[in-house]
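Below is one structure, written out as structure tokens; comments come after it.
We use all heavy atoms of the structure for the numbers below, so side chains are in, but hydrogens, waters and symmetry mates are not.
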Amino acid sequence: MDLEVKGIGTASRNVKRQKSAQGWRICSSDAYGPRPDDVPALDLRRLGDSDGENDLSYTPVTKEQPRLASPDSTSTVSWGTPFPAPSSRRRTYRQESPVDEESPEGLTSLDEKAIQQQCYTSKPYTAEQSRRRSETEDLAAQKKKQAVVEQVLVDQLSRAVISDPGQDASTTDLSQQRTSLPGLGSAPLRFRNRKLHQTKVKTSSTLTESLLSNKLRFDARIISRNGRDACRELIGFFFAFDKSITVYEYRQFGKNRTKALPFIQRGIYCHQYGRRKRRQYDVGDFHVGANLTFLTAQHVGLPTSIQEKPLLTLRIIGIDEMAKHSLLTSSNPALSKQEIDDRNTVMSVQGLLKEKLKKRGVLTMTGLVRFFHQRDQCGGGVLQKMELRQGLKEFHLELSNKDFESIWLVLDQDGDGEADYYQFIRVVIGEMNEFRKAFVRKAYMKLDPNKTGSISVNDISKFYSGRKHPKVLSGECSEQQVRAAFLDTLKESCVSSNEVTYCEFETYYEGLSLGIADDEDFANVMRNCWAV
């Protein structure tokens, strides 16, 4: 016991001697042995609270991760001398290069940060978890579609009965009905505000459920830069007996109440854009990836944000293939020679540019959108021919005169010398398929549950997960560093540094998608980052 007390006293005197000679730098070498050269001296004058303790840019003094001494060491307290360990377990830190510094391949540090986001290729769920999740999603989708189908049948049958001209026939039943309903006046019954049970149900021209069941169901989305409109869930129907179309929106009010509401009233419509303009819709026009165009002036019930533009474009993202196969006939029109030439031209140009964008697609896509947005003085989303060509030249995506003129003929079919620059980018560079876009919409809806149309960067930072990133799993960098790299590249693509719109969020993943060849790999990226 005396020896232990004596040892403590000796160590205290050594500390005091160091304090008087060199200030508050403590080095109790007599008690614990000599300090290794690679261990910095402890200076108590520099200790204190720091606002930058959680700064992601902090870099340790040494490259090696401090480790405890080996078990056979005779020292009681270790200074952190590293001992041999498997190289796969070693943790290293890499200092990021400045934004304007380029690698030998011509990639900036922002390009390298964006490429990091393509590495989430590991499956986030086991096979059993993926199967159960898929079954749950399929069951929910089936219930949703069945609810819409039932609502459509009820609405169309009720409307057919009420609006039938046979309701105006002057029969004894109608005379009795008029006397039993005083104050309705002499207007025809179909124009009066009445319930379905107040009508003459049996008429000669009433629709039947059998006629309405001969239909083609499809899922659709709105091509829009407005996040609220782009995330609307639309389910449409094409009725073969009269070639009419109707589109319903599936909406959820609160947690438990859902409702299917008419979005496009049932009617016979024609193409309003493209090579088939003014041609009536037929079964052959419905396939995944096809566009349906409608004049907003013909649909007064559309939301105000959609009515601002003269044309409404719906993209088909899913279809009942069995129903389509049963409705197809040999009389359905095939693609014309002009449509085939347009498709071949677009695919040829996209093949040339996609190769250039494989490693720097994010910054090029987002920079191109920002470049066009700055030149859009009126805010209408359209630019002239020379401005679009200048944008391609600015980002080293030059096309030959022949290819550019061919693309321009596809876009400017009205001949007004202007084109929507978002559509221009989709045609020249291409866009994600609907499988990938569905994951982007799911992630955005999770980030913006109130459908405000924009998300704060702080909210995005809270939801983003980098735990499954390969560099985090291997110990090469931390989750905070991966998150910071994602936010840096996302902010670079936004007009505002604090808010991210749906259009900017989608454009970011459009660019990221160019470097991911497999659809399942892209799905794993979104599932690992956003748990969708």
Side-chain angles (χ1 to χ4, degrees), residues 99-100 106 108 110-111 114 222-227 229-230 273 291 296 305-313 345-346 349-350 352-354 356-357 360-432 453-455 457 488-514:
V99 173
D100 56 352
T108 64
L110 284 176
D111 288 317
I222 303 173
I223 297 181
S224 173
R225 294 191 287 272
N226 184 295
D229 295 332
Y273 181 83
N291 289 339
T296 55
S305 57
I306 297 177
Q307 290 182 343
E308 292 176 353
K309 290 196 172 184
L311 205 64
L312 167 65
T313 303
T345 300
V346 170
V349 171
Q350 290 178 1
L352 291 173
L353 297 184
K354 278 185 178 180
K356 297 181 181 180
L357 297 173
R360 49 192 327 168
V362 171
L363 295 187
T364 302
M365 284 284 291
T366 56
L368 197 60
V369 170
R370 194 167 59 252
F371 178 87
F372 289 147
H373 180 75
Q374 292 172 352
R375 280 152 182 77
D376 182 16
Q377 301 295 332
C378 62
V382 296
L383 291 174
Q384 295 182 351
K385 182 177 180 180
M386 293 306 299
E387 293 173 315
L388 296 174
R389 188 159 195 173
Q390 183 183 356
L392 294 181
K393 185 178 180 180
E394 184 76 16
F395 289 88
H396 308 289
L397 301 175
E398 296 91 345
L399 295 175
S400 64
N401 291 333
K402 180 181 178 182
D403 288 339
F404 186 85
E405 292 298 331
S406 299
I407 290 293
W408 186 253
L409 290 176
V410 175
L411 292 170
D412 187 26
Q413 296 183 13
D414 296 333
D416 56 0
E418 294 180 335
D420 185 290
Y421 52 83
Y422 279 94
Q423 186 182 7
F424 175 78
I425 294 174
R426 287 195 296 265
V427 170
V428 173
I429 298 177
E431 59 180 335
M432 294 184 290
S454 64
I455 322 166
V457 175
D488 287 346
T489 53
L490 183 62
K491 289 178 183 178
E492 187 70 16
S493 65
C494 301
V495 176
S496 172
S497 59
N498 297 322
E499 295 288 331
V500 181
T501 65
Y502 172 79
C503 180
E504 293 167 339
F505 188 80
E506 184 186 44
T507 302
Y508 179 91
Y509 280 103
E510 286 277 7
L512 192 72
S513 177
L514 294 172

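- Between D412 and Q384, the closest side-chain pair of non-hydrogen atoms is not below 4.5 Å.
- When all heavy atoms of M365 and E510 are compared, the closest pair comes out as CE-CB, 3.7 Å.
- Residues D403 and L352 meet the side-chain proximity criterion, which asks for heavy atoms closer than 4.5 Å.
- Here the CD1-CD distance, from I223 to E431, works out to 6.5 Å after rounding to the nearest 0.5 Å.
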* Where do F371 and Q390 land on the side-chain contact (heavy atoms from CB on, under 4.5 Å) test, with the steps shown first? -> CA-CA 10 Å; F371 178 87; Q390 183 183 356; 4.2 Å; yes
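- Across F404 and R389, no two heavy atoms sit closer than the pair CZ-CB, 3.7 Å.
- The two atoms that bring K356 and E398 nearest to each other are NZ-O, 4.1 Å, heavy atoms only.
- Taking the six-membered ring where tryptophan is involved, the planes of F372 and Y421 are tilted, since the angle between them lies from 30° to 60°.
- Looking at L397, V410, I407 one by one, the single match for side chain to side chain contact (heavy atoms under 4.5 Å, CB included) with V428 turns out to be I407.
- Counting heavy atoms from C-beta outward, E504 and E499 have side chains that stay 4.5 Å or more apart.
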* Yes or no on side-chain contact (heavy atoms from CB on, under 4.5 Å) for L388 and L411, after CA distance, side-chain angles and deciding distance? -> CA-CA 12 Å; L388 296 174; L411 292 170; 5.5 Å; no
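- Between L312 and I222, the shortest heavy-atom distance links the atoms CD1-CG2, 3.8 Å.
- What you find for C494 and V500 is that their closest heavy atoms are SG-CG2, 3.7 Å.
- Geometric assessment of R426 against the ring of Y422 yields a negative cation-pi assignment under the 6.0 Å and 45° thresholds.
- Considering only heavy atoms from C-beta on, L399 comes within 4.5 Å of L353 through its side chain.
- The distance from atom CG of L357 to atom CD of Q350, rounded to the nearest 0.5 Å, is 11.0 Å.
- Contact detail for A230 and S224: the closest heavy-atom pair is CB-O, 3.8 Å.
- Put simply, the side chain of F424 reaches to within 4.5 Å of the side chain of L392, judged on heavy atoms.
- Not one N or O on the side chain of T364 forms a donor-acceptor pair closer than 3.5 Å with the backbone of G361.
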* To do: Kindly determine whether I425 and T507 satisfy side-chain contact (heavy atoms from CB on, under 4.5 Å), including the steps that lead there.
  => CA-CA 10 Å; I425 294 174; T507 302; over 6 Å; no
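- Rounding to the nearest 0.5 Å gives a distance of 8.5 Å between OG1 of T345 and NZ of K402.
- Note that CG of D420 and CZ of R225 are 5.5 Å apart. Values are rounded to the nearest 0.5 Å.
- Salt bridge annotation for K309-D229: absent, with no cationic side-chain nitrogen under 4.0 angstrom from a carboxylate oxygen.
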* To do: Under the side-chain contact (heavy atoms from CB on, under 4.5 Å) rule, what do Y273 and L311 come out as? Steps first, then yes or no, please.
  => CA-CA 9 Å; Y273 181 83; L311 205 64; 4.0 Å; yes
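- Residue T366 holds its OG1 atom at 13.5 Å from CZ of F505, rounded to the nearest 0.5 Å.
- Side-chain atoms of D111 and T108 include a donor-acceptor pair closer than 3.5 Å.
- E418 has its side chain out of reach of E387: every pair of non-hydrogen atoms, C-beta onward, lies at least 4.5 Å apart.
- N226 CG to S454 OG: the interatomic distance, rounded to the nearest 0.5 Å, is 10.5 Å.
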